Amino acid sequence: MLDPRLIRNELAQTARLLKRRGFELDCKQLEQLESERKSLQVTTEQLQNERNTTSKAIGQAKAKGEDVAPLLAAVADFGAQLKQNETRLAAVQQQLNDLLMAIPNTLHDSVPDGRDESDNEEVRRWGTPRAFDFEPLDHVDLGDRLSMMDFETATKLTGSRFVVMSGALAKLHRALTQFMLNVHTKEHGYREVYVPYIVNSESLKGTGQLPKFAEDQFAIGGEQEYYLIPTAEVPVTNMMRGNIIDAQRLPTKFVAHTPCFRSEAGSYGKDTRGMIRQHQFEKVEMVQFVKPESSYEALEQLTRNAETILQKLELPYRVLNLCAGDVGFSAAKTYDIEVWLPAQNCYREISSCSNYEDFQARRMKIRWRNPDSKKPELVHTLNGSGLAVGRTLVAIMENYQNEDGSVRVPKALQHTMGGVKVLAADMP
RNA sequence: GGAGAGGUGGCUGAGUGGUCGAAAGCGGCGGUCUUGAAAACCGUUGAGGGUUUAUCCCCUCCCAGGGUUCGAAUCCCUGCCUCUCCGCCA
């Protein structure tokens, strides 16, 4: 959520900033609601004040044993009037709030102009895509040959966009998670957390998935309004919801491994083959709470933390600075990391690292006590995948494949794999 | 799932329907004292919002949402959560 003061005092400027990402701010409506709010709030508070002073007077008169009948008569129909004002004010504030919740974050100056992903700016590349002397298979064919990846059974169990992995491939998938968590906790200073995979709607509002993106979420039936998490960002960032963090505890850095559930509504027909776009996938997520002054430094660090995983796995990638039209709703700036997939002959997203500035913090009331002002002030929040485990597995399979359909295990994972160096079809 | 108890400021904890945003203690901050520190003593110490250049002033908030009342932390209803006991269970 943007600072309501921006809407009040710098509406034109804010509208101009939002236009960069193609968002049209309805200034007329906002101005009208805002002036309504102002006059209603002033009169309501005046009435409340009147009620309070009269009630106190009645109390004092009663204590002295005086006759309170005239005072009571004076406020006879006062309640109805006040109630009416309060109701109208609440309605206007609700409208204003609904509008505010649907406004995306403003963008950082370093975000390049552009409309869609074709305008994203490549920041750097690492590694060289391998030159194959045979036609590389994609991960679906490789998994099939290994008899370790089974989409049909998953469809029987649930439906489309799910997978069953087995044997050494399932183990490799698990080893990847372990590896990522170990690197981030041991080398990058993140504290590991285990969190619920089901959250309430407050949490989804806090990070910005609700109210605008309800159709992307899996709501679970039952008496409670609960949802499966679309990313660990939701529970981990909301851990601090409503908190005032000590200045010494900033930055606070968490890493969590969770499954992620996405309905992928609106992406029918997109990436229908294989593990690229599933309803359920594993992800290791980094989350940071930082002082506002250092959030852009933190974004660089967070992005490098994610890149480290790919470097250790020796997977070629590139980093993109997302353009104005492609940055997500809540973010002020986002770097996407894309890994090389030989079978698709292109780079595909494997991590997304964003600085939300105070946009999420305002929704969640996450603050820190600034020793200079001595006041609670909003923190900045960031998060990034480190990495999407399923897609990393895909990248390993495709980049490390041999002509006979076997797959080498990256050096960094061989230890966790119990010394296994190659996945082959005849393995258990 | 059954029975009971309870949710109050950073924490512990009091609160009769009427100057209660809330006693007291702890903690925090400032000061006195001290070479320094501790102790002791004194003072101070919640958040959000409106109006304002600023101060002042005003409003809201005692788990959440409703209700009763001129007036609710206090009474009533609903929900959520916590604790104790019993049952069930990985």
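The analysis underlying the following values was restricted to heavy atoms, covering all of them including side chains, and did not include hydrogens, waters or symmetry mates. Each chain gets a letter, A, B and so on, in the order the sequences are listed, and its residues count up from 1. Computed from a predicted model, the values in this text were never measured in an experiment.
In this entry the distance linking CG of A:N200 with P of B:G65 reads 15 Å, nearest Å. One interatomic measurement links the two molecules: CG of A:L71 to P of B:G18, which rounds to 18 Å at whole-angstrom precision. Rounding to whole angstrom units, NZ of residue A:K83 and P of B:C70 are separated by 11 Å. The nearest whole Å value for the distance from the CD1 atom in A:I198 to the C1' atom in B:C80 is 17 Å. Spacing between atom CG of A:L72 and atom P of B:G18 amounts to 16 Å, rounded to whole angstrom units. If you take CD of A:Q60 and P of B:C20, they are 11 Å apart, rounded to a whole angstrom. Taking atom CG of A:L82 as the reference point, atom C1' of B:A72 lies 15 Å away to the nearest angstrom. In this structure, A:M1 atom CE and B:G48 atom C1' are separated by 12 Å, rounded to whole Å.
The partner of B:C89 cannot be assigned: no Watson-Crick or G-U wobble pair with both contacts below 3.5 Å exists in any strand. Nucleotide B:C29 is matched to B:G43 when pairs are restricted to Watson-Crick or G-U wobble geometry with both distances under 3.5 angstrom. For B:G18, the paired nucleotide is B:C70, the pair qualifying as Watson-Crick or G-U wobble because both relevant distances are below 3.5 Å. Nucleotide B:A5 is matched to B:U82 when pairs are restricted to Watson-Crick or G-U wobble geometry with both distances under 3.5 angstrom. Base pairing of B:C57 is made with B:G50, judged by Watson-Crick or G-U wobble geometry with both donor-acceptor distances under 3.5 Å. Using the Watson-Crick or G-U wobble rule with both distances under 3.5 Å, B:A23 pairs with nothing in any strand shown.
Taking atom C1' on both B:U45 and B:C11, the two are 14 Å apart, rounded to the nearest angstrom. Comparing B:C56 with B:A37, their C1' atoms sit 42 Å apart, to the nearest whole Å. B:C83 and B:C63 have their C1' atoms separated by 15 Å, given to the nearest Å. Rounded to the nearest Å, the gap between the C1' atom of B:C20 and that of B:G46 is 15 Å. Of the P atoms belonging to B:U78 and B:A3, the separation is 14 Å, rounded to the nearest Å. Only the P atoms considered, B:A90 is 35 Å distant from B:U8, to the nearest whole Å. Of the C1' atoms belonging to B:C33 and B:G17, the separation is 48 Å, rounded to the nearest Å. Nucleotides B:A22 and B:A73 have their P atoms positioned 12 Å apart, rounded to a whole Å.
Listed nucleotides B:G18, B:G48, B:G49 differ in distance to A:S55; the shortest reach to its side chain belongs to B:G18.
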Scan nucleotides 56-60 of chain B against the protein and return all N/O pairs shorter than 3.5 Å with their distances rounded to 0.1 Å.
{"residue": "B:C58", "atom": "O3'", "partner": "A:N49", "partner atom": "OD1", "Å": "3.3"}
{"residue": "B:C59", "atom": "OP1", "partner": "A:N49", "partner atom": "OD1", "Å": "3.3"}
{"residue": "B:C59", "atom": "OP1", "partner": "A:N52", "partner atom": "ND2", "Å": "3.1"}
{"residue": "B:C59", "atom": "O3'", "partner": "A:Q48", "partner atom": "OE1", "Å": "3.1"}
{"residue": "B:C59", "atom": "O2'", "partner": "A:Q48", "partner atom": "OE1", "Å": "2.7"}
{"residue": "B:U60", "atom": "OP1", "partner": "A:R51", "partner atom": "NH2", "Å": "2.6"}
{"residue": "B:U60", "atom": "OP2", "partner": "A:N52", "partner atom": "ND2", "Å": "3.4"}

Hey, what are the protein-to-nucleotides 8-12 of chain B N/O distances that come in under 3.5 Å?
none

Residues A:R20, A:D113; criterion salt bridge (charged side-chain N to carboxylate O under 4.0 Å, His left out); working and verdict: CA-CA 7 Å; A:R20 267 192 84 199; A:D113 288 326; 3.0 Å; yes
When you look at A:E86 and A:K83, which way does the salt bridge (charged side-chain N to carboxylate O under 4.0 Å, His left out) test go after all the steps? CA-CA 5 Å; A:E86 282 176 338; A:K83 179 138 274 175; 5.8 Å; no
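Taking each heavy atom of A:A232 and A:A256 in turn, the nearest pair found is CB-CB, 4.3 Å. Listed here is the closest heavy atom pair of A:G386 and A:A306: CA-CB, 4.5 Å.
For A:K365, the NZ atom counts as loosely surrounded, since its 6.0 Å shell holds 12 or fewer non-hydrogen atoms of other residues, nucleotides or ligands. Within 6.0 Å of CZ in A:R273 there are more than 12 heavy atoms belonging to other residues, nucleotides or ligands. Other residues, nucleotides and ligands contribute over 12 non-hydrogen atoms within 6.0 Å of the CD atom of A:E293. More than 12 heavy atoms of other residues, nucleotides or ligands sit less than 6.0 Å from atom CZ of A:R362.
Using a 4.0 Å cut-off between a side-chain N of Lys or Arg and a carboxylate O of Asp or Glu, A:E187 and A:K312 qualify as a salt bridge.
Among the protein residues, A:K38 comes within range of the sugar-phosphate backbone only, with heavy atoms under 4.0 Å from sugar or phosphate atoms but none that close to a base.
Remark: the A:K56 side chain and the B:G18 base include no donor-acceptor N/O pair separated by less than 3.5 Å.
The shortest distance between side-chain heavy atoms of A:E377 and A:P292 does not fall below 4.5 Å.
The aromatic rings of A:H188 and A:Y190 lie perpendicular to each other, with more than 60° between the two planes, well past the 30° mark.
Put simply, A:R5 has a side-chain N or O that comes within less than 4.0 Å of OP1 or OP2 on B:G49.
A centroid separation of less than 6.0 Å is found between the aromatic rings of A:F359 and A:F329.
Residue whose closest nucleotide on RNA chain B sits further toward the 5' end, between A:I58 and A:E377: A:E377. The 5' end of RNA chain B is approached more closely, in terms of each residue's nearest nucleotide, by A:G59 than by the other of A:K365 and A:G59.
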